[in-house]
Amino acid sequence: MTKTSRIPGFHRMAPRERLAAVAAFAGLDADAVERLGDTGNLDAALADRLIENVIGTMNIPLGVATNMRIDGEDVLIPMATEESSVVAAVCNAGRQCYENGGFATSLSGTVMIAQIQAVNVADPQAARLRILDQRAAIQAACDACDPVLVSLGGGFRDVEARVLETAGGVMLITHLIVDTRDAMGANAVNSMAEKLAPSIERWTGGRVYLRILSNLADRRLARARAVWRCADIGGVAVRDGIISAYHFAAADPYRAATHNKGVMNGISAVVLATGNDTRAVEAGAHAYAARSGSYSSLTRFEVTADGDLSGSIELPMAVGLVGGATRLHPTAQSCLKILGVTSAERLARIIAAVGLAQNFSALKALATTGIQKGHMALHAQNIAMMAGALGDEIERVAAALVAGGVVRIDVAQSVLADLRNS
Ligand code: MEV
């Protein structure tokens with residue numbers, strides 16, 4: 001029988017029924033079906049409401065980083081990631097600046113931007129001013145969209161209009177500037193943009209197409225800084241190696257992409273653990289890293305007046321406490337409780353500190369022993385498991401791989417065979 005991806009009524013099926021249909025399509029065995037059907041700490045019915053066509057859940061390890069002191073308070077950091085060394089990197093960075101006070105953070109605001117795209121505007125410069133003249137009406141329309149947000153101190157803050165030259169002609173882009181407080185804000189600002197679209201068409205005489213938030217949330221910049229004393233990090237050569245690594249990333253997009261990937265290793269892990277939108281934060285971070293026109297580093301490292309290492313980070317951080325998965329996923333709720341956060345602002349600031357911590361440890365490892373040494377212990381365990389090691393065998397095979405200096409699956413298989421024969 002030829003396989004078909006046209007499965008009538010798939011979206012109306014229960015997760016178990018969908019799983020059976022998928023198992024038949026893909027030839028999954030009973031074990032695989034059993035495993036996929038075990039949704040772990042996320043109720044299947046809830047999973048089925050969060051996204052479409054659910055058949056199961058995907059579990060990712062949740063680790064907790066220790067040693068983090070942020071704005072004078074000790075914090076345990078839950079991190080959801082599949083990558084080894086990411087949690088350890090934060091613990092190490094936190095430990096090395098703990099005695100010196102840890103991290104100091106701030107947030108520029110909880111303000112999001114929604115864009116409304118108008119095309120075919122005959123007089124875009126004058127239309128721009130006509131929009132700005134309507135500030136009061138725009139404010140009233142935006143705030144009427146979300147009275148709860150307004151009652152919490154949020155709502156419309158400003159309107160901007162930009163005349164944009166594009167390959168498809170001149171466009172008039174309206175920005176709604178909205179304080180979304182403890183919400184990430186996508187739903188709030190998208191509703192406002194959609195509501196205003198007909199008025200924008202009337203005022204501009206143009207045609208509105210897109211009405212959507214911007215992920216370049218540059219009114220919601222999270223900042224963190226820390227000073228690592230030279231003596232605590234292994235001396236001047238280590239300090240200078242880290243600063244040189246930063247200069248490399250600042251000057252070269254090829255290196256900056258990897259440098260910032262490391263930053264996001266930490267950031268995305270906390271964003272995911274708290275049920276927030278990893279892609280929104282990632283898009284904002286990378287767009288911000290390219291704001292000068294050339295993609296560059298999200299962090300900076302320099303020498304303090306005392307000769308110590310000063311590190312800092314600044315990036316958009318659109319995270320909330322009241323949105324969909326954050327509110328509904330019980331693990332996300334527990335992670336927020338572990339973090340002890342009661343505002344989106346505190347969460348954003350903690351996440352920025354984690355990004356800086358992650359980057360510090362990556363640069364330190366890269367500028368000294370190299371990244372592989374730290375990776376190897378856990379990597380060797382993964383390879384041992386892939387070779388079929390079980391229980392105690394995993395540690396023993398991994399230890400033999402590390403001792404032998406070659407961490408490869410064929411070597412692991414032969415170590416395992418020897419172990420079982422002995
Ligand atoms: C690996 O996931 C992240 C690093 O490549 C980051 C970096 O190079 O700075 C180690």
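Whatever order the structure lists them in is the order used to number ligands and atoms, beginning at 1. Remember, it's a predicted structure, so these values are computed and weren't measured experimentally. We're numbering straight along the sequence, starting at 1.
Shown here are the salt bridge (charged side-chain N to carboxylate O under 4.0 Å, His left out) partners of Arg157, two or more places apart in sequence or in another chain: Asp179. Partners of Glu17 under the salt bridge (charged side-chain N to carboxylate O under 4.0 Å, His left out) rule, at least two apart in sequence or in another chain, do not exist in this structure. Here Val150 pairs with Asp143 under the side-chain contact (heavy atoms from CB on, under 4.5 Å) rule; sequence neighbours left out.
Closer than 4.0 angstrom to ligand 1 sit non-hydrogen atoms from Glu83, Arg255, Thr258, His259, Lys261, Gly262, Asn265, Ala362, Leu366, Ile371.
With rounding to the nearest 0.5 Å, the separation of CG in Asn190 from CG in Leu213 is 5.5 Å. With rounding to the nearest 0.5 angstrom, the CZ atom of Phe103 is 11.5 Å from the OG atom of Ser312.
Under 4.0 Å is where a charged nitrogen must lie from a carboxylate oxygen, and between Asp252 and Arg255 no such pair does.
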